[in-house]
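These notes concern the structure reproduced below.
Proteins come first, then strands; the chains are lettered A, B, ... in the order of their sequence lines, and each starts at number 1.
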2 protein chains.
Amino acid sequence: MKDYNSVFEEYLQVNNLKFTEQRKIILNAVFNNHNHFCVDTLFEQIQSNDSFQEYVSRATIYRTIPLLLEANLIKVSEKLSDKETYEHCYGHPKHAHLMCTICNRIIEEDEDRLMNKVINQIAKKNKFKITDFNICIKGECCDCQSKK
Amino acid sequence: MKDYNSVFEEYLQVNNLKFTEQRKIILNAVFNNHNHFCVDTLFEQIQSNDSFQEYVSRATIYRTIPLLLEANLIKVSEKLSDKETYEHCYGHPKHAHLMCTICNRIIEEDEDRLMNKVINQIAKKNKFKITDFNICIKGECCDCQSKK
DNA sequence: CTCGTTGCAAAATGTTTGCAATGTA
DNA sequence: TACATTGCAAACATTTTGCAACGAG
């Protein structure tokens, strides 16, 4: 499987766009950890990382996100705060999210077999061609329940 | 089962709030049809409806939505446009959404049995206490596939 | 060298809020 | 009558965009 750098590079090439230092920094910041992110958290993450030598403005982040979406490297994610939230998806298997409404933790769960069965069954019943799906469960995580 | 009017009225009473004409209009607009809505579509729907005699400002809609959410009459919904989107949920069984990315149609599917089984299984495995869940499938609907 | 890209600041868009007038219970 | 609510307009927050300087290939 290609790594995300190659995927982005090829996407840019095909579309006559350039693989600039800023785009490299944003791409790496996105894939460096596994957190869901919004423009602000990404901006702060980049600023606080000494190993990124160049400055990246918010405007550039705003302009890069549509490219990453289009290249299928990231996707819009269910949000906890009021800000638009993303997660990287390339190379990451489909999973359900368990979002704790008390501590805001997000647990990922790959219950592949049954999950896919349900999704496929629903799609088939409606003659629907799946390109993506999301399962999100909200409630209280194990820790928060026991703290009460 | 209580009707949505009583539910809202009781919620307001308990919280020392008043059941004003504007709140009645907004509530009825929300439950009058089954579309997902954002502030703007709701505003337009109210303006264009002759049977609503009073004017309702956007500010009032913005102030009423948190009340409807808190009363569990509506909930945040997966969005197609870039605007925050809601759907009424009171009295409406849990369902999956099939969102067509071509025509933007949203199909609702109540495949209760298996859907609930998966959700419960995932929650149980993580000792998670469910308060709500969402299943959203994106892709191409039957009609849009056959048009190609 | 040619165009695409960047950062900046201004503009556009969406949402919240202070306030004086009004309405509900 | 007391106090919550409304519409307005101003404030605020987020995102987009025009532009001149810059940079990748």
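- For B:R58 and D:dC8, the shortest distance from a side-chain N or O to OP1 or OP2 is not below 4.0 Å.
- For the pair A:F8 CZ and C:dT5 C1', the interatomic distance rounds to 12 Å; values are reported in whole Å.
- Judged by distance alone, with hydrogens and angles left aside, the side-chain atoms of B:Q145 form a donor-acceptor pair with the main-chain N or O of B:E140 at under 3.5 Å.
- No side-chain heavy atom of B:Q45 sits under 4.5 Å from any side-chain heavy atom of B:F37.
- In this structure, the CD1 atom of B:I61 is 14 Å from the P atom of C:dG14, given to the nearest Å.
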Tabulate atom names and distances for all N/O pairs under 3.5 angstrom spanning the protein and nucleotides 10-14 of chain D.
none

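- In this structure, A:Q22 reaches the C:dG7 phosphate: one of its side-chain N or O atoms is under 4.0 Å from OP1 or OP2.
- Inter-residue side-chain proximity for A:K147 and A:I102 is flagged as unmet; no heavy-atom pair is nearer than 4.5 Å.
- Of all nucleotides listed (C:dT6, C:dG7, D:dT5), C:dT6 comes nearest to the side chain of A:R23.
- Mapping B:T60 and A:V39 onto DNA chain D by nearest heavy atom places B:T60 at the nucleotide closer to the 5' end.
- B:F128 and A:M99 are members of different hydrophobic clusters when ILVMFWY side chains are connected at heavy-atom separations under 4.5 Å.
- Between the side chains of B:H92 and B:E87, no donor N or O sits under 3.5 Å from an acceptor N or O.
- In this structure, the OH atom of A:Y55 is 17 Å from the P atom of D:dC22, given to the nearest Å.
- Between B:Y90 and B:Y4, the gap from one ring centroid to the other reaches at least 6.0 Å.
- Following rounding to the nearest Å, B:K79 (NZ) and C:dG14 (P) show an atom-to-atom distance of 11 Å.
- Listed for the A:H97 side chain is no donor-acceptor partner under 3.5 Å among the backbone atoms of A:H95.
- Counting to the nearest Å, the P atom of C:dG4 and the CD atom of A:Q13 are 15 Å from each other.
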(message) Each nucleotide in nucleotides 19-25 of chain C should get exactly one letter: B, S or -. Can you fill that in based on protein heavy atoms under 4.0 Å?
(response) ----BBS
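- Residues B:Y55 and B:Q47 are in side-chain contact: their nearest non-hydrogen atoms beyond the backbone lie under 4.5 Å apart.
- A:N16 has its CG atom 13 Å from the C1' atom of C:dT5, to the nearest Å.
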Which donor-acceptor pairs under 3.5 Å do the side chains of residues 63-78 of chain A make with protein atoms, sequence neighbours left out?
unit_1, atom_1, unit_2, atom_2, d
A:T64, OG1, A:T60, O, 2.7
A:K75, NZ, A:D132, OD1, 3.3
A:K75, NZ, A:D132, OD2, 3.2
A:K75, NZ, A:N134, OD1, 3.3
A:S77, OG, A:H36, ND1, 2.8

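- Remark: P of D:dA24 and CG of A:L12 are 14 Å apart, rounded to the nearest angstrom.
- In this structure, B:L42 places its CG atom 15 Å from C1' of C:dG14, rounding to the nearest Å.
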